[in-house]
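Numbered from 1 within each chain, the chains take letters A, B, ... in sequence-line order.
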There are 2 protein chains.
Amino acid sequence: MSTIRPLSQADHPPEPGTLTDRICEQLKTAIVRGELAQGCKLNEPALAARYGISRGPLREALRRLEGLGLVVHVPHAGARVITLSRTEVLQIYHVREALEGMAARLAAELMTPAEIVELRSLLARHAHRIAADGGRAYFQQEGDTDFHDRIACASGNPGLVQMLRGELYHRLRMYRYQSSQQAARPAKALQEHEQIVDAIAERDGELAETLMRRHIRRARRAVAEQIRSEFEQPIHFVAEENR
Amino acid sequence: MSTIRPLSQADHPPEPGTLTDRICEQLKTAIVRGELAQGCKLNEPALAARYGISRGPLREALRRLEGLGLVVHVPHAGARVITLSRTEVLQIYHVREALEGMAARLAAELMTPAEIVELRSLLARHAHRIAADGGRAYFQQEGDTDFHDRIACASGNPGLVQMLRGELYHRLRMYRYQSSQQAARPAKALQEHEQIVDAIAERDGELAETLMRRHIRRARRAVAEQIRSEFEQPIHFVAEENR
DNA sequence: GAAGAACAGATTGTCGACAATCAGGCCTCT
DNA sequence: AGAGGCCTGATTGTCGACAATCTGTTCTTC
């Protein structure tokens, strides 16, 4: 079984191989950060010129982003950045609940003692940071992602990891970046994380799944509540040439 | 909320638009059916010639198949059909259990009475077929897929549907096609399907999820048992130029 | 004046050719 | 004889150009 590494540490090899890979990464971060606004049309000649490449690799990169669910492609009409409605954001949490619950269950069976120790130290660092500066929003979110990513990896199920890391997380990060969402309830979340690790350490997969699902359901409710309190326009602002 | 149609009925438009789409479909069915063996190298010039197109659209089709998880792509080394180890097949069932369990829960809340009626009639047809000819393996499998697909659609969660339909089902069908797997326990499975529909009809999402997960777990065990009873070579046979 | 059709511009889809990279075999050297 | 490096062949990566398709505008017609 191929072990799956968390992506926390350096994921910036000095020089990725192919142009398609590089452009794909650049576009991905641009989309997640909102530099390419939601619903924004992705003009092939313009983008190719902007990144100094030809249309061929760019098209392949777009096709790959389509596979990641960050871009929608309509034949003869071009590609657009996806638009994340509030409904869709909440739906992502349903999928997360299902997948990460299963990941926690599997992790409880497979995680090595060393990995559990490392996971605890990760939570200790989070606790320290929260105590120090109240957990500045951005790093808090990244820390949360880091925790969940490690559990996903520990499931030993590459397909599951692929779905979470390759599709859900990007869209969630996109929402977080572009919404004014502050990391609500960091201390509470940390406590829930610790309970989950406890369950894993006791090899109680059933409990780990239950706790993870409850944890994500609460996060979902927090997002739903925040969305409800926003009567303003969509998540950020809608691209001029939308729809 | 965009409604999601089951794919049961005609999914063969007379003439799809772009070459990439067409080749992608052809390659997909070829891979699922094992005409392109597992681990088989996908030579771009050869494939392009074989389908009478240029390498451009073919490469984009390969990239899309990569997104579907049917093909793995190594830079400068080309694309290969994935190899489904027995372990990976079983891991797919874990993901299915999580996702379809959630789908059943959501479907219990959202499914319209008309859809429930239709679902029951679908099961009635299955029952009839099983009573008639014992449920010949192929159609039984397809019928099973049909049932699960409808519930997935009824979840009203496009991302969830996309994951199930776009990634898991293809790989499962690939395994079924190429293994000697016969539809074990058709009558038992049908009975479980009916229980699930009952739970949905009563709007008991909790129960629907539990039953669906149990159903898939049993299917997983049946597959695991069958795999264990095969001491022969891998699923089908390994491509000559493998790995 | 409004509805419909033809046109123009731009954008996407497709193709063939060139350059960069990798795999395998052969030769040379120790 | 074995190990190492070089070379050749093939395959992938990249590019620019041409053809098909769509969108928005303008002209014609009722």
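- Between C:dT12, D:dT12, D:dG16, one nucleotide has an atom nearer to the side chain of B:P45 than all others, and that is D:dT12.
- Going from atom CD of A:E66 over to atom P of C:dG13 covers 10 Å, rounded to whole Å.
- Protein atom CG of A:L19 is 12 Å distant from nucleotide atom P of D:dG16, rounded to whole Å.
- B:E88 and B:S85 are linked by a side-chain donor-acceptor pair at a separation below 3.5 angstrom, with hydrogens and angles left out of the test.
- A close approach under 4.0 Å does occur between a side-chain nitrogen or oxygen of B:T18 and OP1 or OP2 of C:dT14.
- Side-chain atoms of A:R86 and A:S179 include no donor-acceptor pair closer than 3.5 Å.
- Checking the phosphate oxygens (OP1, OP2) of D:dT12, a side-chain nitrogen or oxygen of B:K41 falls inside 4.0 Å.
- Note on B:L58: nothing from the nucleic acid sits closer than 4.0 angstrom, heavy atoms only.
- Between the CD atom of A:E44 and the C1' atom of C:dA10 there is a distance of 12 Å, given to the nearest Å.
- Candidate nucleotides D:dC15, D:dG13, C:dG13 were compared by shortest atom distance to the side chain of B:R55, and D:dG13 ranks first.
- Here the side chain of A:N43 is nearest to one of C:dT11, C:dT14, C:dC15, namely C:dT11.
- Between A:R80 atom CZ and C:dT12 atom P there is a gap of 10 Å when expressed in whole angstrom units.
- For the residue pair B:R105/B:S155, the side-chain donor-acceptor check at 3.5 Å is not satisfied.
- Among the atoms of the strands shown, none is found under 4.0 Å from any heavy atom of B:L62.
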Give the intermediate values and the outcome of side chain to side chain donor-acceptor pair (under 3.5 Å) for residues B:R176 and B:T145.
CA-CA 11 Å; B:R176 286 174 179 165; B:T145 300; 3.1 Å; yes
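- The listed nucleotides are D:dT21, D:dT14, D:dG13; the one nearest the side chain of A:H76 is D:dT21.
- Sequence order on DNA chain D of the closest nucleotides to A:I53 and A:A77 puts A:I53 first from the 5' end.
- The salt bridge (Lys or Arg N to Asp or Glu O under 4.0 Å) test with A:R150 is passed by exactly one of A:E100, A:E118, A:E115: A:E118.
- Note: CG (A:D21) to C1' (C:dT21) measures 14 Å, nearest angstrom.
- Applying the 4.0 Å criterion to OP1 and OP2 of D:dG13, one finds that B:H73 has a side-chain N or O inside that range.
- Using a 4.0 Å heavy-atom cutoff across all strands shown, A:G78 reaches sugar-phosphate atoms only and no base atom.
- The shortest distance between the side-chain N/O atoms of B:T20 and the OP1/OP2 oxygens of C:dT14 is below 4.0 Å.
- The side chain of A:P57 sits closest to D:dT14 out of D:dT14, D:dG13, C:dC15.
- For B:R59 and D:dT12, the CZ to P distance is 8 Å, given to the nearest whole Å.
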